[in-house]
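Each chain gets a letter, A, B and so on, in the order its sequence line appears, and its residues count up from 1.
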Amino acid sequence: MVIKQISFFDPVKIARSGQAFRIQVIDSDHTELVAKGRYLQIARTGEDTFAFSCSEDEFQNIWYNYFDLGRDYREISKRIDKKDKYLQRAEEYGRGIRILKQEVFETTISYIISQRRSIPSITTSVEKISRISGKVIKAPKLKSPFVAPIHSEYYAFPSPDSLARLSTEELKETGVGYRAPYIAEAARDFASGKLDEKELARTGDEELYKALTGMYGVGTKVANCIMLFSFARTSRFPIDVWIQRILDNYYEGHFDTSSYPDTAGIMQQFMFYYERTKDIHN
DNA sequence: GTCCAGGATCGGG
DNA sequence: CCCGATCATGGA
């Protein structure tokens, strides 16, 4: 276990921000997630202090980067246009959210699934896919300040190889419906090396965008989500039905992302979280 | 039962 | 380039 003092960090808000589908709230002070083939629990131990159920090495090598802890969100907050009252409110409300750097393949498949579905429903499918083709992860025994994990075992998100091996019938049992062929092709392309995560990571925004939208079942919105949530391309601004509604209601249908050249995607996430959670949910 | 969901594809104008 | 129809299922 490690304890860290971190400001502008709120795992519960992150879990409810809709950017990741495998991070869950246990109670108001505890969250758990499966990523990078591991289980992690985070316990709030003070105003700005958190316990992570991992070693110092693991924290530095994996989670520091995963939770975007090297970025100064205080500075980002300060740079928000003072005249933009909606965005000011959204940022204050969502303060603590960070843009995760999730795994590329998992994010790609998850957002392919996401089209025309609700978040709870996406979560169910991602969970089922992991259960039928991901590696088992045994829940650790944790002591205070942690609590017992929700389940006794978890499943890593599958590798491209193992997902590509699923039959169409097996895939459809996960509830992905007509997106099954999209998923199958994406899995084959990552498995064969036609799409290579490390190569993609080296390319510029426009080239990466072209490569992603070139995939079967990946359009404008999903490509931007993949770029934002797994490639740390924080200038990308995915527009879904929620964001479009916000733009229509508060921005005359259009948001000028040029005001936030490197952080538009972070603004997007504040808006999305605020609009979805300020009244009720889902 | 009814409605809509973190959209994309396809064909046609 | 833009438009409309269509897509399979779950969850409320």
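- Annotation: salt bridge (charged side-chain N to carboxylate O under 4.0 Å, His left out) contacts of A:Arg38 (sequence neighbours excluded): A:Glu58.
- Within the 4.0 angstrom heavy-atom criterion, no nucleotide atom of any strand lies near A:Glu173.
- Among the heavy atoms of the strands, none lies under 4.0 Å from A:Met271.
- Within the structure, salt bridge (charged side-chain N to carboxylate O under 4.0 Å, His left out) contacts touching residues 169-181 of chain A (residues at least two apart or in different chains) do not occur.
- For A:Ala264, the side chain to side chain contact (heavy atoms under 4.5 Å, CB included) partners two or more places apart in sequence, or in a different chain, are A:Phe237, A:Thr257, A:Tyr260.
- Between C:dT9 and B:dG1, the two C1' atoms lie 16 Å apart (nearest whole Å).
- When only modelled atom types and interatomic distance are considered, A:Arg89 and A:Tyr274 share a side-chain donor-acceptor pair under 3.5 Å.
- Residue A:Gly217 is classed as a sugar-phosphate contact, given heavy-atom separations below 4.0 Å to backbone atoms only.
- Residue pairs meeting the ring pair (Phe, Tyr, Trp, His ring centres under 6.0 Å) criterion with at least one partner in residues 162-184 of chain A, sequence neighbours excluded, are A:Tyr182-A:Tyr216.
- Using a cutoff of 4.0 Å between basic side-chain nitrogens and carboxylate oxygens, A:Glu207 and A:Arg202 are not scored as salt-bridged.
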Distances for protein N or O near nucleotides 10-13 of chain B N or O, under 3.5 Å:
none

Please tabulate the protein-to-nucleotide N/O contacts below 3.5 Å involving nucleotides 4-8 of chain C, giving atom names and distances.
residue: C:dC7; atom: N3; partner: A:Arg116; partner atom: NH1; Å: 2.8
residue: C:dC7; atom: N4; partner: A:Arg116; partner atom: NE; Å: 3.4
residue: C:dC7; atom: N4; partner: A:Arg116; partner atom: NH1; Å: 2.6
residue: C:dC7; atom: N4; partner: A:Arg116; partner atom: NH2; Å: 2.9
residue: C:dA8; atom: O4'; partner: A:Tyr178; partner atom: N; Å: 3.1
residue: C:dA8; atom: N6; partner: A:Arg116; partner atom: NH1; Å: 2.2
residue: C:dA8; atom: N6; partner: A:Arg116; partner atom: NH2; Å: 2.9

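- Rounded to the nearest Å, the gap between the P atom of B:dC4 and that of C:dA5 is 16 Å.
- Residues from residues 223-234 of chain A lying near DNA chain B, meaning a heavy-atom separation below 4.0 Å, are A:Phe229 in numerical order.
- In the hydrophobic clustering, A:Val25 connects to A:Val12, either directly or through intervening members, whenever side-chain heavy atoms lie under 4.5 Å apart.
- With distances taken from any side-chain atom of A:Arg245 to the nucleotides B:dG6, B:dA5, C:dG10, the minimum falls on B:dA5.
- Every residue meeting the ring-ring contact (aromatic ring centres under 6.0 Å, His included) condition with A:Phe59, not counting sequence neighbours, appears here in chain and number order: A:Phe52.
- Using a 4.0 Å cutoff on non-hydrogen atoms, the parts of residues 84-112 of chain A near DNA chain B are A:Tyr111, ordered by number.
- Contacts of A:Asp240 classified as salt bridge (charged side-chain N to carboxylate O under 4.0 Å, His left out), with partners at least two apart in sequence or in another chain: none.
- Listed by first and then second residue, the salt bridge (charged side-chain N to carboxylate O under 4.0 Å, His left out) pairs that reach into residues 112-138 of chain A are A:Arg22-A:Glu127, sequence neighbours excluded.
- Residue ring and nucleobase are stacked for A:Phe272 and B:dG6, with a centre distance beneath 5.5 angstrom and an angle between planes beneath 30°.
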